[in-house]
Structures are given as structure tokens and as C-alpha cells.
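Index from 1, following the sequence. Keep in mind the model is a prediction, meaning the values are calculated, not measured.
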Amino acid sequence: MTKAPQQSLKPVLRVHFSGQDRLGRGKMELLEHIRETGSISAAGRAMDMSYRRAWLLISELNHMFREPVVESQRGGQKGGGAVLTPFGEELLQRFRSMESAVRAAIAGDLAWLEANRSDGDVASTP
């Protein structure tokens, strides 16, 4: 029986601010879904997340910075919606750029780790 190949290693960027604030790939993915759908609830659904959880994450983001990241409108004829602000667009772009820079900076080390990691068949020795 052939084993499925292991997934390649993937670095994950997370920025810790003072206190409990963190900026990472989950919030960035949420922003991308808001950009695509124009809706916090639709963005949350796309990530199997409740509207409340998505809204709390957006509220967190909006309080982390001097400028809002997302602006939302309630109800109305079109049922409301949400958009990234120009600052939110730049935040998303810069975060994705930081992720690319991290991957490029440690590519050689990741290749070394990949070449030297166990395939899972190695018996553990006591």
C-alpha cells in the first residue's frame, strides 16, 4: 500500500500586538471574503463561522488600528453590507506581502527541514 505524500511545510505568520491583539491568516482570510462578498455574514459562512464570531473579529480589527479596517451598513433596501476601507485594503496587501517575504527568507531552511523530516515509517526507539 502506498502512503500519500506528506504536505510540504508551510510557515504561518502571526503578529502579536501588546495585550491580547493578534493579526494572522484567519483575520486576513475573513477580510478577503468580505472583499469578495460585500458581507460579514457571507464571509463568516464561507469560513464556517457564525456571524457573531465574524463580527467580533472585525470589531477587534477595527479597534487594533487608528483607522477602521471594515465599514458596515445595517439593513436598508439592499440589506446592508460591508466593505474594506482603503486602510483595510492596504493592511491585507501588506500582510500578504509579509507572508511572501517570510517564505522567501526561510525557503532554504524549509527545504532542509523537508529533506530531513521523517516519512512516518521510522520506528521510535526508547
Side chain to side chain donor-acceptor pair (under 3.5 Å) contacts touching residues 89-98 (sequence neighbours left out): Glu32-Arg96, Arg35-Glu89, Glu90-Arg94, Arg96-Glu99
Donor-acceptor pair, Glu114 side chain versus Ser8 backbone, under 3.5 Å? no
For Thr37, check side chain to side chain contact (heavy atoms under 4.5 Å, CB included) against everything at least two apart and list the hits. Ser39, Ala42, Ala43
With His63 via side chain to side chain contact (heavy atoms under 4.5 Å, CB included) - residues at least two apart: Ser59
Calculate, to the nearest 0.5 Å, the distance between atoms [atom1] and [atom2] belonging to [X] and [Y] respectively.
{"X": "Asp21", "Y": "Phe65", "atom1": "CG", "atom2": "CZ", "value": "8.5 Å"}
{"X": "Lys27", "Y": "Leu91", "atom1": "NZ", "atom2": "CG", "value": "10.5 Å"}
{"X": "Glu29", "Y": "Met47", "atom1": "CD", "atom2": "CE", "value": "4.0 Å"}
{"X": "Arg14", "Y": "Arg25", "atom1": "CZ", "atom2": "CZ", "value": "8.5 Å"}
{"X": "Arg45", "Y": "His33", "atom1": "CZ", "atom2": "NE2", "value": "12.0 Å"}

Given Glu67 and Thr85, is the side-chain contact (heavy atoms from CB on, under 4.5 Å) satisfied, shown in steps? CA-CA 9 Å; Glu67 296 183 45; Thr85 64; 5.9 Å; no
Nearest heavy-atom pair of [X] and [Y]: which atoms, and what distance?
{"X": "Leu110", "Y": "Pro11", "result": "CD1-CD, 3.6 Å"}
{"X": "Ile40", "Y": "Tyr51", "result": "CG2-CE1, 3.7 Å"}
{"X": "Gly44", "Y": "Ala54", "result": "CA-CB, 4.1 Å"}

Criterion side-chain contact (heavy atoms from CB on, under 4.5 Å) on Glu71 and Asn62, from CA distance to verdict: CA-CA 9 Å; Glu71 289 180 342; Asn62 281 339; over 6 Å; no
Same cluster (ILVMFWY, side-chain, under 4.5 Å), Leu113 and Val12: no
Connected via hydrophobic side-chain network under 4.5 Å: Phe95 and Val83: no
Would you mind reporting whether [Y] and [X] have side-chain heavy atoms less than 4.5 Å apart?
{"X": "Val69", "Y": "Ile58", "result": "no"}
{"X": "Leu31", "Y": "Leu61", "result": "yes"}
{"X": "Val70", "Y": "Leu30", "result": "no"}

Taking it one step at a time, do Arg52 and Leu56 satisfy side-chain contact (heavy atoms from CB on, under 4.5 Å)? CA-CA 6 Å; Arg52 177 169 168 69; Leu56 288 172; 4.0 Å; yes
